[in-house]
Each structure stands twice: as C-alpha cells, then as structure tokens.
Amino acid sequence: MNATQLPWSQHYHMYDYVTRELPALVEAELPLIPGLRSISGHSMGGHGALICALNNPGMYKSVSAFAPICNPVASGWGAGCFGAYLGADRKQWSAWDSTCLVAAGAVPVPLLIDQGTADEFLAEQLYPQNLEAACREQDFPFALRMQAGYDHSYHFIASFIGEHLAWHAQALQAS
C-alpha cells in the first residue's frame, strides 16, 4: 500500500514501487513481452500481490500467494497496520483488502492460494475462508489449497513454489 499518514507517508509507497517502478526497471533491462505479468507473494507480501492484481485490472495474467493476509480489515494485524498507515477512517481500508475488493466486484484474475493448516496465524490473522466465500459469491476464479501440516515458514513456500511457477507459466502462455 501507499501510506497516507505521517511518518509513513513520506517514504512508504510500496504499492507504487511494485506496480510502477519495479516493472519499469525490469522491463527496461530484460527482453520481456510487454503486458505479460504475473505476481506472487508470501504472508504480507501475498496480501500485496493480491492487492496489486485486484487494483490493476489487466496488469497481471495471474496472481498466487502463500499464506496471505486475505481480509486485513477483520484482523488485529490489519487494524494496527491500516490505522498507522492509512488513518482511522475504516472506509479507506477496503481499497487495500482483497476480500473487500472481490466482494465489491473486482475484475477477475486467476487466483491461487496455498495455506498451511498448521500456520500459527491462520485462525486470527489470515482469513482465507473469507476470501474464498467472496470469490464464490462473485464467481471469481479461485483455488484455495489447504496443505495439511504446513506452517508459515519458507519450507512451506519451497515445497510448493514449483507448482506456483508452473501455474503462472500456464496463465502467461494462455494469453
């Protein structure tokens, strides 16, 4: 997100960096086919990947995430961070919440989420079931894979990253 509250608003513009600055740098240096992008992330980065894709229709051909924060307006973590970065007006927060964006009719983009069942943050912070329900209501292309016994660690990501890369490659080839 881009922070709107001091002191964060002076330098915390991660959304602009990921959606504008970073693609421009990469595409200036690598011979990519313009317009073929996918995005992925883990945890808070998974939240960011979801937000970037949902707030930029057509920019990404697919989005995936490992244990993302799916409904931050409903979590203690989200309330603390959103309050600090965006201020007290909770209406502003929904633009940075994937569940709220999908429920409000975001343009569909293929979405894959892997979530470990032993993740210590699952019950009170991540809320993939809320995003799943919103996607179902909106007929949004969504796959939630609950991975038995996996936690929030990088071992979890390493176990399934190959499948995410293959899934993104298929989405990019279909374009």
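Worth knowing before you read on, the calculation uses all heavy atoms, side chains too, and leaves out hydrogens, waters and symmetry mates.
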Would a distance-only check, ignoring hydrogens and angles, find a side-chain to backbone donor-acceptor pair under 3.5 Å from Ser43 to Gly45? no
Main-chain N/O of Gly149 paired to Thr117 side chain as donor or acceptor, under 3.5 Å: yes
Are [X] and [Y] grouped together when hydrophobic residues (ILVMFWY) are joined by side-chain heavy atoms under 4.5 angstrom apart?
X      : Y      : answer
Val102 : Leu112 : no
Leu6   : Phe82  : no
Val26  : Met14  : yes
Tyr12  : Leu22  : yes

Other residues, nucleotides, ligands: >12 heavy atoms within 6.0 Å of [X] [atom1]:
X      : atom1 : answer
Glu124 : CD    : no
Trp8   : CH2   : no
Gln5   : CD    : yes
Met44  : CE    : no

Check [X] against [Y] and note the closest heavy-atom contact, atom names and distance.
X      : Y      : answer
Phe66  : Ser40  : CE1-OG, 4.3 Å
Gln115 : Pro128 : CG-CG, 4.2 Å
Trp93  : Gly83  : CZ2-N, 3.5 Å
Pro23  : Val18  : CD-O, 3.1 Å
Ala67  : Asp119 : CB-OD2, 3.4 Å
Cys70  : Asp97  : O-OD1, 3.6 Å

Indicate every side-chain donor-acceptor pair of residues 84-91 with a distance under 3.5 Å to a residue at least two apart or in another chain.
| unit_1 | atom_1 | unit_2 | atom_2 | d |
| --- | --- | --- | --- | --- |
| Asp89 | OD1 | Lys91 | N | 3.1 |

[X] side chain near [Y] side chain, heavy-atom distance below 4.5 Å:
X      : Y      : answer
Cys100 : Val73  : yes
Lys61  : Pro110 : no
Arg37  : Met59  : yes
Met146 : Leu122 : yes

Straight-line distance of [X] [atom1] to [Y] [atom2], nearest 0.5 Å:
X      : Y      : atom1 : atom2 : value
Met1   : Tyr15  : CE    : OH    : 11.5 Å
Tyr154 : Ser159 : OH    : OG    : 14.0 Å
Ile69  : Cys81  : CD1   : SG    : 7.5 Å
Asn71  : Asn130 : CG    : CG    : 4.5 Å
His164 : Ser38  : NE2   : OG    : 12.0 Å
Glu132 : Gln129 : CD    : CD    : 8.5 Å

Keeping to residues at least two apart or across chains, list the ring pair (Phe, Tyr, Trp, His ring centres under 6.0 Å) pairs with something in residues 120-147. Phe121-His152
Might you work through the side chain to side chain contact (heavy atoms under 4.5 Å, CB included) test for Tyr60 and Thr19, ending with a clear yes or no? CA-CA 10 Å; Tyr60 303 98; Thr19 60; 3.9 Å; yes
For residues 144-158, pull every pair meeting salt bridge (Lys or Arg N to Asp or Glu O under 4.0 Å), keeping only residues two or more places apart or in separate chains. Asp114-Arg145, Arg145-Glu163
Option passing side chain to side chain contact (heavy atoms under 4.5 Å, CB included) with Leu111 (candidates Pro141, Ser98, Cys135): Cys135
Aromatic ring pairing Tyr150/Phe160, orientation class (parallel under 30°, perpendicular over 60°, tilted between): perpendicular
Can the ring centres of Phe156 and His42 be said to be less than 6.0 Å apart? no
Verify whether one side chain among Ser64 and His168 offers a donor that lies under 3.5 Å from an acceptor in the other. yes
Residues Asn2 and Tyr17: side-chain donor-acceptor under 3.5 angstrom: no
Could you walk me through whether Leu50 and Leu131 pass the side chain to side chain contact (heavy atoms under 4.5 Å, CB included) check? CA-CA 11 Å; Leu50 295 170; Leu131 180 56; 4.2 Å; yes
